There are 2 protein chains.
Amino acid sequence: MRVLLVEDDRRIASDVVRALEAAGYVVETVRDGEEAWFRGDTEDYGAVILDLGLPGMDGLAVLKRWRANGRQMPVLILTARASWAERVDGIDAGADDYLPKPFRIEELLARLRSIVRRSAGHASSVVSSGEITLDERQMRVSVRGVPIAMSPLEYRLVAYLLRHRGRVVSQHELDENVYGHGEDHDSNALEVLIGRVRKKLGPDLIETRRGFGYLVPETPA
Amino acid sequence: MRVLLVEDDRRIASDVVRALEAAGYVVETVRDGEEAWFRGDTEDYGAVILDLGLPGMDGLAVLKRWRANGRQMPVLILTARASWAERVDGIDAGADDYLPKPFRIEELLARLRSIVRRSAGHASSVVSSGEITLDERQMRVSVRGVPIAMSPLEYRLVAYLLRHRGRVVSQHELDENVYGHGEDHDSNALEVLIGRVRKKLGPDLIETRRGFGYLVPETPA
DNA sequence: TGATCCATGTCAGCAAGGTGTCAGGTCGTT
DNA sequence: AACGACCTGACACCTTGCTGACATGGATCA
């Protein structure tokens with residue numbers, strides 16, 4: 001799971017990063033509010049750990065803008081200012097939990113697990129289209145219940161398309177989300193990848209919208 | 001999507017234009033504030049990228065006048081002067097986002113997508129006239145519920161007409177929004193395109209207003 | 001170290017689809 | 001009737017996306 005850590009104190013940040021990575025998370029760290037807002041608004045994270053005392057833009061303002069834009073990832077707030085009023089502000093702004101500094105790293109991990117679990121309850125971690133099913137927790141793709149082995153890139157492609165099923169996704173958008181920011185568009189690697197996925201999962205999952213991109217249909221029933 | 005780029009530095013402008021076009025936008029460029037204000041006030045753009053350091057009329061003044069006139073398109077501000085105060089001024093003037101120079105082109109694209117997505121959140125994604133329905137999320141056109149395959153240009157034409165149903169749309173306006181240029185009128189490409197769409201969707205969707213343009217009727221009930 | 005496997009990118013060729021042009025036809029307006 | 005606006009079918013050209021074959025490169029294991 002990909003986690004965004006927003007923390008300007010380098011010592012705390014490095015401790016937290018070490019603990020999170022040991023616990024199996026993929027962590028990205030930013031140090032100011034501007035950058036935090038931008039990343040959270042344009043990338044997809046499984047959770048965000050947000051320090052309130054930030055240069056650039058206040059943490060609460062960042063959170064409010066994410067929520068105003070419809071971003072729903074769970075957010076855990078850190079702060080030194082631990083008053084009750086502060087806490088209420090955080091919850092009102094859309095935080096899922098709140099952890100006063102100083103804290104023990106184990107408590108942070110516990111709270112993180114808690115909000116991730118809770119938010120998973122809202123959005124199920126298994127989605128499907130037609131006869132294809134994606135289980136994000138197990139990172140497994142199945143056709144009519146039969147698991148199919150997927151390579152890392154193949155999995156990322158299928159996962160992204162299924163998460164955004166019912167919508168046309170452009171090649172450019174796929175490039176960005178499957179590869180890191182790739183723009184070598186003298187390459188047809190993506191098309192080849194699509195072909196390989198189709199060979200494994202059947203030709204009907206991914207529709208081509210010539211000139212626009214690809215579409216995984218939302219199953220009506 | 002049609003984008004207005006307001007930038008007086010020719011080198012930056014040409015880089016940005018190249019990237020935007022590669023990403024599928026139709027771009028128009030202007031170099032001074034006067035012209036920018038006029039274009040933004042009289043034309044329809046999906047988004048505006050506005051440099052603040054301009055000859056003719058200050059960028060912020062341009063933006064304020066647009067907003068005062070009720071223009072609501074999303075605006076992304078570029079500037080070399082990256083102070084916090086400047087930024088606040090920009091937001092107060094009605095900008096949707098703010099990008100300090102120098103910037104990486106990928107970041108510009110990401111922020112542009114972000115503000116476009118946000119502003120699109122306000123508009124519904126399915127519209128119809130008579131028996132024809134347009135689903136913008138799926139980029140799909142249906143007749144009485146049956147999906148019809150459309151080419152990119154055909155789709156853009158139908159989408160534009162349906163978004164502006166109930167109003168006569170001139171050939172010139174269509175030229176600008178479906179292709180990206182207004183002036184090659186030794187060609188009847190647009191008429192041919194209209195013909196192809198009629199063949200697919202039936203002759204009743206698009207009415208001809210001889211000498212004025214075309215009209216997609218607003219369904220009474 | 002070397003053999004092997006797997007994931008992935010590259011390339012060339014192909015088929016189908018998309019689009020502009022043109023020549024002529026139709027229709028409405030004056 | 002004459003003119004101009006608009007429509008239509010046919011055709012040629014180019015672009016897009018798909019496919020199979022091959023190259024590369026990293027990981028694994030003997």
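This is a predicted model, so every value here is computed, not measured. Residue numbers start from 1 in every chain, and the chains themselves are labelled A, B, ... in the order their sequence lines are given, proteins ahead of strands.
Between the OH atom of A/Tyr179 and the P atom of C/dA7 there is a distance of 14 Å, rounded to whole Å. For B/His172 and D/dA5, the NE2 to P distance is 16 Å, given to the nearest whole Å. Atom C1' of nucleotide D/dC6 and atom CG of B/Leu190 are separated by 11 Å, given to the nearest angstrom. Distance, B/Ile148 CD1 to C/dG18 P: 13 Å, rounded to whole Å. Between B/Asp175 atom CG and C/dG20 atom C1' the separation is 13 Å, expressed in whole Å. Straight-line distance from the CG atom of B/Leu157 to the P atom of C/dG20: 12 Å, rounded to whole Å.
Of the charged side-chain nitrogens involved, at least one lies within less than 4.0 Å of a carboxylate oxygen, so that B/Arg140 and A/Glu207 count as a salt-bridged pair. Between B/Arg2 and B/Glu43 there is a salt bridge, since at least one side-chain N of the basic residue sits less than 4.0 Å from a carboxylate O of the acidic one. The existence of a salt bridge linking B/Arg167 and B/Glu218 is excluded, since no basic side-chain nitrogen approaches an acidic carboxylate oxygen closer than 4.0 Å. The pair B/Glu35-B/Arg39 meets the salt-bridge criterion, since a charged nitrogen lies less than 4.0 angstrom from a carboxylate oxygen. Between B/Glu154 and B/Lys200, at least one side-chain nitrogen of the basic residue sits less than 4.0 Å from a carboxylate oxygen of the acidic one, meeting the salt-bridge criterion.
Within the structure, a side-chain polar atom (N or O) of B/Gln171 is placed less than 4.0 Å from OP1 or OP2 of D/dC6.
Near DNA chain C, defined here as any heavy-atom distance below 4.0 Å, the residues from residues 192-203 of chain B are B/Val192, B/Arg196, listed numerically. Contacts with DNA chain D (heavy atom under 4.0 Å) in residues 205-215 of chain A: A/Thr208, A/Arg210, A/Gly211, A/Tyr214, listed by number.
Taking the side chain as every heavy atom from C-beta outward, A/Leu193 and A/Arg156 never approach each other to under 4.5 Å.
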Note to self: Could you go through A/Val17 and A/Leu5, starting from their C-alpha distance and side-chain angles, then the distance that decides it, and tell me whether this counts as side chain to side chain contact (heavy atoms under 4.5 Å, CB included)?
What the structure shows: CA-CA 8 Å; A/Val17 166; A/Leu5 172 63; 3.8 Å; yes
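Among A/Ile77, A/Leu20, A/Thr29, the single residue meeting the side chain to side chain contact (heavy atoms under 4.5 Å, CB included) criterion with A/Ile49 is A/Leu20.
Side-chain atoms of A/Asn188 stay outside donor-acceptor range of the base of D/dT16, with no qualifying N/O pair under 3.5 Å.
Looking at the side chain of A/Glu191, the nearest of the listed nucleotides D/dG17, C/dG18, C/dT8 is D/dG17.
Inspection of the A/Arg198 and A/Thr208 side chains reveals an N or O donor paired with an N or O acceptor under 3.5 Å.
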